[in-house]
Amino acid sequence: MTEVIQIDRRHPDPEAISRAADCLRRGGLVAFPTETVYGLGAHAHDRDAVRRLFAAKQRPPNDPLIVHVAGVDEMRSLTSHVPPTAGALAERFWPGPLTVVLSRAGSVPLEVTAGMDTVAVRVPAHPVAQALLAAARLPIAAPSANLFSRPSPTRAAHVLADLDGRIDIVLDAGPVDIGVESTVVDLTTVPPTVLRPGAVGVEQLRDVLPDVQLRTKAVTSRDTPLPSPGLLSQHYAPRTPMTLYPRTPSAGSESFVAHVREVLTTGQRVGVLATTEDARALRQLPVVIAELGSEAQAEAVAARLYAALRELDASEVDVILAQDFPTDVGLWRALRDRLRRASARP
Ligand code: TXA
Ligand code: MG
């Protein structure tokens, strides 16, 4: 049985938090909100708990976990070497949606790091996550609280859809703030490398890490260990096959609408992941539309993306069609990355 505990994000009930913290301490699995997506937490030093976490998610053991900590001091105890850049990033972006990859301290179980000598760490900003970390006084290993390769959960209902009966507790504090995962930056490489674009834009990172590079090599499931499996070409994906159309710079919605009409002629039931602008152009067509928000508002689109993918899955369409976003600036880089992975073939 999975227990769902409603919790007020502004005033997390200490009683509820302490029950969840006890559960973690005893090796249980607790889903909790972070500012990016819901995470599925386990005591990071408890190997059995971490193994159960992988089993609950059906996550392959070669995909390492992010360890969530309360602050920079706790980060230090997880790593054998803290480069000055880690301090500078922490100062600027923590608490917040940035994950740093550092060299692993011997005390961090290899189950957490998928056998690697590095460990990923972040300090989440969500008040419920912070309350849980403070009460548990533990590092919490927490991947996104979804079944492996599915869209990440941005609400407690998404967690339950994937993991009901497989985990102990869900702390339900309503929808998350951001809706895409943290940016993962590897500080063990020279220069540092962005392994996964996320909520912190590359432009912002460059303020602190002027030489940061983007990882471009495609990663397949045959790579062992996976350098960062969030980079797997297929990930964050709906069950329904999804086709992503490139955006022709000046065409607006026209070429996309033409593609949608063409697919409709095959008799398939069509779902469309659409910006508000595209949705307007598609309104006359017999399609299921999941609207994302305006092309002018990356934050709104981020907050809707995974929920929209899940809605289209639930609507039992045969195919999901989407048009790429027009820019890579800021949050859009992460959003385009997720569209590509959601539509990639396994
Ligand atoms: O926003 C987030 O990061 C959310 C919330 C819950 O914090 N967590 C999340 O975790 O997205 P997960 O497990 O779904 O994605 C973690 C990513 C994966 O792509 C994983 O491969 C990468 O971080 N990662 C973890 N440890 C790593 C390491 N030692 N080296 C390289 N990549 C690592
Ligand atoms: Mg994930």
Side-chain angles (χ1 to χ4, degrees), residues 30-42 44 50 53-54 56-69 78-80 93-105 108-126 128-130 132-133 139-154 158-159 162-163 171 176-189 192-200 215 219 221 223-237 302 306 334 337-338 341-342:
V30 175
F32 61 95
T34 80
E35 70 278 28
T36 56
V37 298
Y38 273 77
L40 178 59
V50 171
L53 190 159
F54 275 90
K57 271 190 60 101
Q58 299 172 349
R59 181 174 174 115
N62 61 351
D63 188 351
L65 306 179
I66 296 172
V67 183
H68 296 64
V69 293
L78 298 173
T79 67
S80 57
F93 296 108
W94 282 357
L98 180 73
T99 297
V100 295
V101 173
L102 300 165
S103 48
R104 179 184 67 93
V108 179
L110 289 167
E111 282 82 355
V112 170
T113 67
M116 296 201 287
D117 268 328
T118 55
V119 60
V121 187
R122 94 174 179 97
V123 177
H126 196 289
V128 171
Q130 293 197 338
L132 187 61
L133 283 162
I140 302 177
S144 50
N146 52 299
L147 287 172
F148 182 68
S149 95
R150 302 263 299 133
S152 294
T154 55
H158 301 161
V159 178
D162 281 13
L163 299 175
L171 292 175
V176 298
D177 307 313
I178 299 175
V180 289
E181 301 81 357
S182 63
T183 301
V184 180
V185 60
D186 187 348
L187 297 181
T188 69
T189 59
T193 312
V194 173
L195 297 177
R196 176 176 72 180
V200 171
R215 197 196 153 83
V219 178
S221 53
D223 286 345
T224 48
L226 296 172
S228 194
L231 289 178
L232 273 174
S233 42
Q234 203 217 18
H235 210 80
Y236 313 110
Y306 288 137
D337 172 80
R338 303 306 188 267
R341 290 179 209 296

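The analysis underlying the following values was restricted to heavy atoms, covering all of them including side chains, and did not include hydrogens, waters or symmetry mates. Counting starts at 1 for both ligands and their atoms, following the listed order. Residue numbers count from 1 along this sequence.
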Inset, instruction - Determine, using heavy atoms of Val37 and all atoms of ligand 1, whether some pair is separated by less than 4.0 Å. - result: yes
Inset, instruction - Could you tell me whether any N, O or S atom belonging to Asn146 is less than 2.8 Å from the Mg ion (ligand 2)? - result: no
Legend entry - Residue pair Val119 / Arg104: nearest heavy atoms and the distance that separates them: CG1-CA, 3.9 Å
Inset, instruction - Using a strict 4.0 Å threshold on nitrogen-to-oxygen distance, state whether Glu35 and Arg122 make a salt bridge. - result: yes
Inset, instruction - Could you tell me whether a side-chain N or O of Lys57 sits under 3.5 Å from a main-chain N or O of Leu163, the two making a donor and an acceptor? - result: no
Inset, instruction - Among Val200, Thr99, Leu98, find the residue that satisfies the side chain to side chain contact (heavy atoms under 4.5 Å, CB included) test when tested with Val184. - result: Thr99
Legend entry - For Ala44 against Val50, the heavy-atom pair lying closest together: O-CG2, 4.2 Å
Inset, instruction - Ignoring hydrogens and angles, state whether a donor on the side chain of Ser144 or Arg150 is under 3.5 Å from an acceptor on the partner side chain. - result: no
Inset, instruction - For the residue pair Asn146 and Tyr306, establish whether any side-chain heavy-atom pair is separated by less than 4.5 Å. - result: no
Inset, instruction - Select the closest option to atom 15 (O) of ligand 1 among Lys57, Arg196, His235, Glu35, judged by heavy-atom distance. - result: Arg196
Inset, instruction - Have a look at ligand 1 and work out which part of Thr118, if any, has a heavy atom under 4.0 Å from it: side chain, backbone, both or neither. - result: both
Legend entry - Arg104 touching ligand 1 at heavy-atom level, < 4.0 angstrom: no
Legend entry - Any N/O pair Ser144/ligand 1 closer than 3.5 Å: yes
Legend entry - Among Ala199, Pro124, Ala120, closest by any non-hydrogen atom to atom 26 (N) of ligand 1: Ala120
Inset, instruction - Please lay out, stage by stage, how Thr183 and Phe93 fare under the test side-chain contact (heavy atoms from CB on, under 4.5 Å). - result: CA-CA 11 Å; Thr183 301; Phe93 296 108; over 6 Å; no
Legend entry - Any donor-acceptor N or O pair under 3.5 Å, side chains Ser80, Ser103: yes
Legend entry - Structural part of Asp63 in contact with ligand 1, heavy atom criterion under 4.0 angstrom: side chain
Legend entry - For atom 33 (C) of ligand 1, the option (of Gly39, Pro64, Pro97) bearing the nearest heavy atom: Pro64
Legend entry - Element-labelled atoms of ligand 1 that are located less than 4.0 Å from some non-hydrogen atom of Pro143: 10 (O), 12 (P), 13 (O)
Legend entry - Numbered atoms of ligand 1 (with element) below 4.0 Å of Leu65, judged on heavy atoms: 25 (C), 26 (N)
Legend entry - Leu195, portion touching ligand 1 at heavy-atom distance under 4.0 Å: side chain
Legend entry - His68 N/O to ligand 1 N/O under 3.5 Å: yes
